[in-house]
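For reference, the structure discussed in these notes is given below.
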4 protein chains.
Amino acid sequence: MNFSSDNAVGAHPRVLEALAAANDGAAAGYGADDWTAAVDARLAEIFEREITVFEVATGSAANGLALAALVPPYGRIYCHEASHIQLDECSAPEFFTGGAKLVPLPGADGKLSAKTLAASLAAFPARPPHSAPASVLSLTQASEYGTLYSLDETGALADIAKAAGMAVHMDGARFSNALAALGRSPAEATWKAGVDVLCLGATKNGCMAAEVVIFFDPDQAGDFAYRRKRAGHLWSKSRFLSAQLDAWLQGDLWLDLARHANAAAARLAGVLDRAGVAVPIRTKINEVFALLDPSAAAALQSRGAQFYPWVCPGDAYAGRLHRFVTSWATANEEIDAFADVLSSVIG
Amino acid sequence: MNFSSDNAVGAHPRVLEALAAANDGAAAGYGADDWTAAVDARLAEIFEREITVFEVATGSAANGLALAALVPPYGRIYCHEASHIQLDECSAPEFFTGGAKLVPLPGADGKLSAKTLAASLAAFPARPPHSAPASVLSLTQASEYGTLYSLDETGALADIAKAAGMAVHMDGARFSNALAALGRSPAEATWKAGVDVLCLGATKNGCMAAEVVIFFDPDQAGDFAYRRKRAGHLWSKSRFLSAQLDAWLQGDLWLDLARHANAAAARLAGVLDRAGVAVPIRTKINEVFALLDPSAAAALQSRGAQFYPWVCPGDAYAGRLHRFVTSWATANEEIDAFADVLSSVIG
Amino acid sequence: MNFSSDNAVGAHPRVLEALAAANDGAAAGYGADDWTAAVDARLAEIFEREITVFEVATGSAANGLALAALVPPYGRIYCHEASHIQLDECSAPEFFTGGAKLVPLPGADGKLSAKTLAASLAAFPARPPHSAPASVLSLTQASEYGTLYSLDETGALADIAKAAGMAVHMDGARFSNALAALGRSPAEATWKAGVDVLCLGATKNGCMAAEVVIFFDPDQAGDFAYRRKRAGHLWSKSRFLSAQLDAWLQGDLWLDLARHANAAAARLAGVLDRAGVAVPIRTKINEVFALLDPSAAAALQSRGAQFYPWVCPGDAYAGRLHRFVTSWATANEEIDAFADVLSSVIG
Amino acid sequence: MNFSSDNAVGAHPRVLEALAAANDGAAAGYGADDWTAAVDARLAEIFEREITVFEVATGSAANGLALAALVPPYGRIYCHEASHIQLDECSAPEFFTGGAKLVPLPGADGKLSAKTLAASLAAFPARPPHSAPASVLSLTQASEYGTLYSLDETGALADIAKAAGMAVHMDGARFSNALAALGRSPAEATWKAGVDVLCLGATKNGCMAAEVVIFFDPDQAGDFAYRRKRAGHLWSKSRFLSAQLDAWLQGDLWLDLARHANAAAARLAGVLDRAGVAVPIRTKINEVFALLDPSAAAALQSRGAQFYPWVCPGDAYAGRLHRFVTSWATANEEIDAFADVLSSVIG
């Protein structure tokens, strides 16, 4: 009954097998290996266009380096006030960019609205060089609340961003879960909707430690290669990043795992619904947010259910909202066991 | 009729005279001159305690260096969303601190409320090392809207800050105007109300280019001396910063000039009131905010009145609010001339 | 015949097995897992004292983060002009420290001498705040030329550093090879000789991607935990870093692998010697430097021998020096094959 | 007898008069004033071409901001090991550039040689992205030892720099002294010899606090305007920087003052020569370096002569070399008085 995070479980067996298979003999390092080339080719196929791809081991590195390619060291990055880059990365974007300014905006259930973005841009006094230039819009797909931007919503936000001279960054730590839920092609969900750079997360969804930064316009990658090295994120034995991703992308394993996690969350939400627990945000991915009194939460936890209270700016449910996360490895038995515990506590 | 900014006018004659008087002969540089020692002593007297003082030429440098002494390069700095450090310094705080994160908060008429600050702190998920530590509260006295924090308000905000482990920075670009309006002692308005560092602005109020950073606890100054040098803000011929400040502080010239500017603004507000122009924010310092239709504003400007529309996050009057700033040099004749122009446009 | 680098080969089978064994079930992340605790305990045992340990995936990250804990953002870091932090990390130390200044010094065969360090310190005009403070001495053990500092040499350099107020950092990307060659205890080779922080490399010597930063004085670690997170170097699934290291340290596998690599280099040097190829630097670890004409080098490479010309500041052999690196996995057969190729080219 | 530094004296009377004259009435700020436009035009005339000019108050700011326009945050900047940017600016270049790496090179009497530069470039292993790209060559004219690069020497160094893809920065804190000594036109001494950016110092030579950054190719200025603001180096009352420079440049006052200072140094060197004091470096500008025993130096200082021992990397005279600096204000009487004191000590 570990619903604490999708990074609580390990790697999918096929990922581990790929590591073992890649271990034999010598190979070129620093991204010049065959596995990296294979990942590049596979992603170009998946996204249906020429792209420039960089691999790193963590999501904070992926986001920070991607943003640094898009923003001058004093530019403004618009993001949701509950976004990971604003709350959970210990000012990593400021570090990687050399001092850019995040402008956090409110928005219901973790999503920015076009109206809020447009109003914020209009209210910012544009007086260069006093005002930092608006440089990047960062969207999180799926959001930190497990909600999704429709492709129309993404497109409308991207249109506003581009009219203001901004590039569009997508934090896709759970992009595979989002994509599985959207039922649209990777291309439609990204560059066809105006996204310039996608940070595609694999760690939470079946890898050990592997993330991909995808520039849909290779020119925008700029000096990413230097910046990755400078930040200590270029692996010497790079095959061990790529082999994970290669296995993860083969045969659409990444989407199968995402569908599994999403389905587990839906099942878990059903359990909560049937027990009469309020689930105020309806997600379509592998997160469930439920309202629980602290005493009920404690009782569930004491019986072995692992999950966390959710504290977040702009959260209308502060104090009672709790987050449950399922993963590629969540078994029905875990959810059934949780249903039993829930009955005993609530019923 | 130049109400565009209090930096549109030059220096007070006594400041200029002091520069000329200081020019004779050789003197030690880099802050080891006699004028700097005199300023230090005078400020200790004014603030009624031992202090550590650093002089710089600009307000952005003063704020940035002061903040850098108080925050780790990843810490959080709480400020008003309309504050100068957030809007008007081209990400200087992020630069000087090496990447700290500003957390902009809303608040009526340019002021933070204790309630908003407390709520924001409570809603920030404190999960070190994922969450950046809350390090500094920055208050602007007077605010960008010309409003004042009462000493009780300052104290209440400082109490919340300190309970959360934060130091309190005061951006006092117009502190002399605020002090003149508050009618309280410099000590009461600062360290006795919980302020740790004051950036005391002199440029807008009668100097050429001179600002003072005052640490009320010398230990908090840390390595400011190194950071000032590294940022190119240590003057070799330092007497020319200090001589300005020395003259400005002598005989309370600084407060006399502030009172003059404040009175001029009150007179200007009266002119607007009598003409039936809405003045929605009642300031006590040298700024007046009035609601004007764009056509009326243009008509005034075409007749020689200089002022700007005011664009700002959280501004409820966006599109119609205009800012008028008076200064130590504003003559009654300018205001009378404006009254005439206003009559011809409005009447 | 791959002597290009010790990162050309993969991971030792026991490291891979450990990853597979660690993969089962859920585990706490971000360093709160059992494997991390085991590595901490094992290292404390190995180094015979209380220590503070941080794991990261790359050597550049280890060095950069370690240095950032020891130096203010403007401090001076003394290092050899051929050191990895100076030549091969794309200014990573400057990035992680927020702008510290590396002072590269010459020294025969990749080693700093006490005399050169003392002279450089004496010739640096100490005029704070104009001069950046001397903060860290960085030693590379083994050096980039495969040479070793004796414990006396380390101690003498550390004494000078400490007298000047500097901490001592050891870049130990090949520390295990050095230790195997020195025949002294880990404690003797580090903190007992004055080393404050060791970056212990495991990637080159049998791991996939794993390095350890060891602070011998826990107080010196400062805010490393925040800085690691901010730099994107804290793994969510941290067990996969720790499991590698756990296996690597168990039963002194790390030293066995180092001894193997060192012995292979000695065998390779013997081959070169017997062929009459000059080996101007006598290393004791897993690197061999030989003088080859470009035409001979090309002939060897065309027959399948992989190695690189060595270009380096202060290199007296520029143009003819070539580097051969052996590893934990180098087989005698590879060396014998190289001997055959060498005979055919040289003989 | 103050020969401690050329910043020990104040401003030339015409500079002070210009400040007073500029003080009347209101003026646009932030560089939009008439005085700034006049300086721009005057410099374009002086340098015989279209240029882009930025004013700041200190030399460290000028150098740091100029370098930041030319180098990525990880690039290499080649400079002399005794240069101001390496020794005397508390790592300001690293700060302004966001972490670039200075590569200090030796060279007799403060000057880089083409041979040394070429050798250093050749010995740096060019392995992107591991090696930071060579981005800027910084020359100091006149050097810290008061020596001059001939135009041929400048040209030869610039040719090497450009062949390596580097821009050429000139730290001209004493450029006016150098120009007066060279007897060539400003254009010949800079862009016609391959210099891309000149930091032209006025503070040491008759201003209070004023320096100019001149980009000979406006495209290379990049985002300097944003960076200057972000660093707190954009003055609100900008007329007070420009009015100094305007007066300084009018009627070639700058060159007249430089010639005066240079002549004073020549006279001082003559005094030392006649007293039998060794003057091992023959400068042509306003600095004199003499060999004195510590006891003789102390005796001179006790009799009122102000000067400093000179400590510098690569200094062959360490321990006995002392620096004397004359200025635009040095009177013959001071030198004559020194001659008397010298006689009494030495004779």
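Residue numbers begin at 1 in each chain, while the letters A, B, ... track the order of the sequences.
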**Prompt:** Any idea which of B/Gln306, B/Met208, B/Glu89, B/Glu17 has the most non-hydrogen atom pairs under 4.5 angstrom with chain D?
**Reply:** B/Met208
**Message:** Could you measure the distance from the CG atom of D/Leu70 to the OG1 atom of D/Thr97? Nearest 0.5 Å is fine.
**Reply:** 11.0 Å
**Asked** Can you check whether B/Ala8's main-chain N or O pairs, donor with acceptor, with B/Ser5's side chain at less than 3.5 Å?
**Response** no
**Request:** Go through D/Thr58, D/Asn7, D/Thr203, D/Asn63 and name the one with the most non-hydrogen pairs under 4.5 angstrom from chain B.
**Result:** D/Asn7
**Message:** Ring centroids only, cut at 6.0 angstrom: are D/Trp248 and D/His12 within range, meaning strictly under it?
**Reply:** no
**B/Tyr308 ring center near B/Phe3 ring center (under 6.0 Å)** = no
**Prompt:** Between D/Asn23, D/Val9, D/Leu65, which shows the greatest number of heavy-atom pairs under 4.5 Å with chain B?
**Reply:** D/Asn23
**Prompt:** Which atoms of B/Arg239 come close to chain D, meaning under 4.5 Å heavy atom to heavy atom: side chain ones, backbone ones, both, or neither?
**Reply:** side chain
**Fill in**
Checked D/Gly232, D/Ala27, D/Ala62 vs chain B; the most non-hydrogen pairs under 4.5 Å come from D/Gly232
**Asked** So, B/Arg174 and B/Asp6, do they make that salt bridge, N to O below 4.0 Å?
**Response** yes
**Asked** Highest number of heavy-atom pairs under 4.5 Å with chain D: which of B/Leu241, B/Asn2, B/Leu16, B/Asp33?
**Response** B/Leu16
**Residue among B/Ser4, B/Ala11, B/Gly29 with most heavy-atom pairs under 4.5 Å to chain D** = B/Ala11
**Prompt:** chain D: which of B/Ala209, B/Ala231, B/Ser327 shares the most heavy-atom pairs with it under 4.5 Å?
**Reply:** B/Ala231
**Prompt:** What part of D/Leu234 is in contact with chain B, defined as an atom under 4.5 angstrom from a non-hydrogen atom: side chain, backbone, both or neither?
**Reply:** backbone
**Request:** Return the option, out of D/Ser236, D/Ser91, D/Cys90, with the maximum number of heavy-atom pairs under 4.5 Å with chain B.
**Result:** D/Cys90
**Prompt:** Between B/Phe224 and B/Phe54, is the ring centre distance below 6.0 Å?
**Reply:** yes
**Item:** Side chains of D/Thr326 and D/Asn286, donor plus acceptor under 3.5 Å
**Value:** no
